[in-house]
Each structure stands twice: as C-alpha cells, then as structure tokens.
Amino acid sequence: MIQSDLDLFGSQPQSLASQVMLLPGFALPEVEVLLDALRPVLRAAPFRHMQTPGGLHMAVALSNCGSLGWVSDARGYRYSPLDPLSGKPWPALPEVLLTLAARAASQAGFEGFVPDACLVNHYLPGTRLSLHQDRNEQDFSQPIVSISLGLPAVFLLGGMQRSDRPQHVPLSHGDVMVWGGEDRLRFHGVLPIKPGKHERMGERRINLTLRKAG
Ligand code: MD6
Ligand code: FE
C-alpha cells in the first residue's frame, strides 16, 4: 500500500454527518506556503471587526480574498466584489488555496470545486462565533471547505434547527472540513477559544472558508 500524505501527517478522514467530512491534518504539508500567500492578502485587506445588522461589532475579526468577499454592516450580510475599507477589489484568491480546496472537496466526493470567495476569520482567546447558517451564497449545491490554523477550537456542528443539540468537533492546526449537500445549511458555530499559544501561530486561531458565492 502506498502511504498518503494523510497517513504521514494526520489520521484518516472522519465522517461527521452524511456530507460533512473532517480531513485531519490535510493542510499541514501546505501550511508554510499558505501562510506566505496570506501575508500579502492581509496587508491589502487587514482584519477588521464588521458591524452586525443589529449595530454590534462581531467578536471575530475578518478579511476576504477572491472575486467576492463576505461583508456585514447595518444594511445586512452579503457578498461584495469590493472591500469597503479600501474601496478596491478584494485580493485575489491564492493558487495554493484554490488547489487545496479542490483537492479536499474531491476527497469528500465533490468534484470540480472552484471557489470564488475565501473568508478569513481571526479569533483571539475568548472569541466565539455564535450559531449561524451560511446562506448568502447563490448555489447551495456547492460545498464549503474550511481550513483551521493555530489554536485549537471546538466547532459546534448543529442540525437544521437552531435548537438542535450540536456535536462538539475538536479542530486543530491543519485540519480541513468539507461540507455540502444535505448538510450545507446546518447551524454551526465555534465555542470560545481557550487561552494558549500555538507554536507556529501564537495566541490566535485563523479559519479560512472557501466558498462558491456567486
Ligand atoms: C470557523 N466556520 O471554523 C467558522 N461555515 O471559524 C464557519 O463558520 C464555517 O467552518 C461554513 C462552513 C464551514 C465553516
Ligand atoms: Fe459558517
């Protein structure tokens, strides 16, 4: 048997629901290339705390790359081709993210995934993300590929109702999650990040979610 990258760097794919797949350590071989590619993205489009339609500020700081970026303000949530901070288009989606996302999606049975948006979420210790559904994208038949970096997190994978009791899924540096199909609209969130210092990333968690938004 030929040993794959997954065997070298993590454990086997885990099915969390019928169309939610966890690929432990899938991004590890690419982490340095990925971080190099993120640096200019974040220089052009720095992390910011967006306002919610309710007038609060989100605890998670975020940025985007790709032809579309997710934005939130007093008018609501949507995808926009322009970064409201700079008034310019979002930085392009780095090649390493496009290929990683397509490979991960393919592992989970979604062939030909071509994302046009990547949300970059930044968490400090104590930051949480409350239960939500991702429904601002045009085509729910396309999956979402999520890459976790830095401090570990507990991801809440809920059901189709906000009140459904969520599974607690531990996510570590380099883990990739792919979800789509009938599970695409599950409620989900992230518990407050525990204090700590990741040896490569320091006191933060960064999550990248790649989507076909337009
Ligand atoms: C996070 N992720 O892991 C937040 N959404 O920090 C998400 O909200 C998310 O991981 C849709 C699909 C996958 C995700
Ligand atoms: Fe989400």
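Counting starts at 1 for both ligands and their atoms, in listed order. If you're wondering where the values come from, they're calculated on a predicted model, not measured in any experiment.
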Asks: Among Lys212, Arg184, Arg78, find the one that has a salt bridge (Lys or Arg N to Asp or Glu O under 4.0 Å) with Glu137.
Replies: Arg184
Asks: What part of Arg184, side chain from CB on, backbone N/CA/C/O, both or neither, has a heavy atom under 4.0 Å from ligand 1?
Replies: neither
Asks: What are the atoms of ligand 1, with element, lying closer than 4.0 Å to any heavy atom of Arg205?
Replies: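 Under 4.0 Å from Arg205, ligand 1 has these atoms: 1 (C), 3 (O), 6 (O).
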Asks: Considering only heavy atoms, does Leu171 approach ligand 1 within less than 4.0 Å through its side chain, its backbone, both, or neither?
Replies: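 For Leu171, no heavy atom sits under 4.0 Å from ligand 1.
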Asks: Ignoring hydrogens and geometry beyond distance, is a side-chain donor-acceptor pair present between His132 and Asp134 at under 3.5 Å?
Replies: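 Yes.
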Asks: Going by the order shown, which atoms of ligand 1 are within less than 4.0 Å of some heavy atom of Asp134?
Replies: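 Answer for ligand 1: 5 (N), 11 (C).
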Asks: Counting both backbone and side chain atoms, is some N or O of Tyr123 under 3.5 Å from an N or O of ligand 1?
Replies: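 Between Tyr123 and ligand 1 (N or O atoms, distance only) the closest approach is under 3.5 Å.
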Asks: Judged by modelled atom types alone, do Asn64 and Trp70 share a side-chain donor-acceptor pair under 3.5 Å?
Replies: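 No - no donor-acceptor pair under 3.5 Å links their side chains.
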Asks: Using a strict 4.0 Å cut-off to heavy atoms of Phe155, name the atoms of ligand 1 that fall inside it.
Replies: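 By the 4.0 Å cutoff, the relevant atoms are 2 (N), 3 (O), 10 (O).
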Asks: Starting from atom 2 (N) of ligand 1, which protein heavy atom do you reach first, and at what distance in Å?
Replies: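 Scanning the protein heavy atoms, the shortest distance from atom 2 (N) of ligand 1 goes to Asn207 OD1, 3.6 Å.
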Asks: Return the residue, atom name and 0.1 Å-rounded distance of the protein heavy atom closest to atom 14 (C) of ligand 1.
Replies: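 Residue, atom and distance for the closest contact: Thr209 CG2, 3.5 Å.
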Asks: Under a 4.0 angstrom heavy-atom cut-off, which atoms of ligand 1 come close to Arg211?
Replies: 5 (N), 11 (C)
Asks: Pairing donors with acceptors under 3.5 angstrom, does anything connect the side chains of Ser148 and Arg205?
Replies: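 Checked: Ser148/Arg205 side chains pair up, N/O donor to acceptor below 3.5 Å.
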Asks: Is the backbone N or O of Met58 less than 3.5 Å from a side-chain atom of His49, with the two atoms forming a donor-acceptor pair by type?
Replies: yes
Asks: Out of all atoms in ligand 1, which are within 4.0 Å of some heavy atom of His132? Include the element for each.
Replies: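 Near His132, the atoms of ligand 1 are 8 (O).
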Asks: With no hydrogens and no angle check, do the side chains of His122 and Arg204 hold a donor and an acceptor under 3.5 Å apart?
Replies: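 Yes, because at least one side-chain N or O of His122 sits under 3.5 Å from a partner of the opposite role on Arg204.
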Asks: Do any nitrogen or oxygen atoms of His188 come within less than 3.5 Å of a nitrogen or oxygen of ligand 1?
Replies: yes
Asks: Will you find, in the side chains of Asn207 and Ser146, an N or O donor that is under 3.5 Å from an N or O acceptor?
Replies: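 A pair is found: one side chain offers a donor N or O, the other an acceptor, under 3.5 Å apart.
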Asks: Could you check whether any side-chain N or O of Asp183 sits under 3.5 Å from a backbone N or O of Trp179, counting only pairs where one atom can act as donor and the other as acceptor?
Replies: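 No; judged by distance alone, with no hydrogens or angles, the pair does not exist.
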Asks: What residue and atom, counting heavy atoms only, is the protein's closest point to atom 12 (C) of ligand 1, and at what distance?
Replies: Trp179 NE1, 2.4 Å
Asks: Look at atom 10 (O) of ligand 1 and say which protein heavy atom is nearest, naming residue and atom and giving the distance to 0.1 Å.
Replies: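 Of the protein heavy atoms, Ser146 OG, 2.9 Å lies nearest.
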Asks: Looking only at N, O or S atoms in Asp134, which is nearest to the Fe ion (ligand 2)?
Replies: OD1
Asks: Kindly determine whether His188 and Leu156 satisfy side-chain contact (heavy atoms from CB on, under 4.5 Å), including the steps that lead there.
Replies: CA-CA 5 Å; His188 58 281; Leu156 299 173; 5.8 Å; no
Asks: Which atoms of ligand 1 have any heavy atom of Ile144 under 4.0 Å away?
Replies: 11 (C), 12 (C), 13 (C)
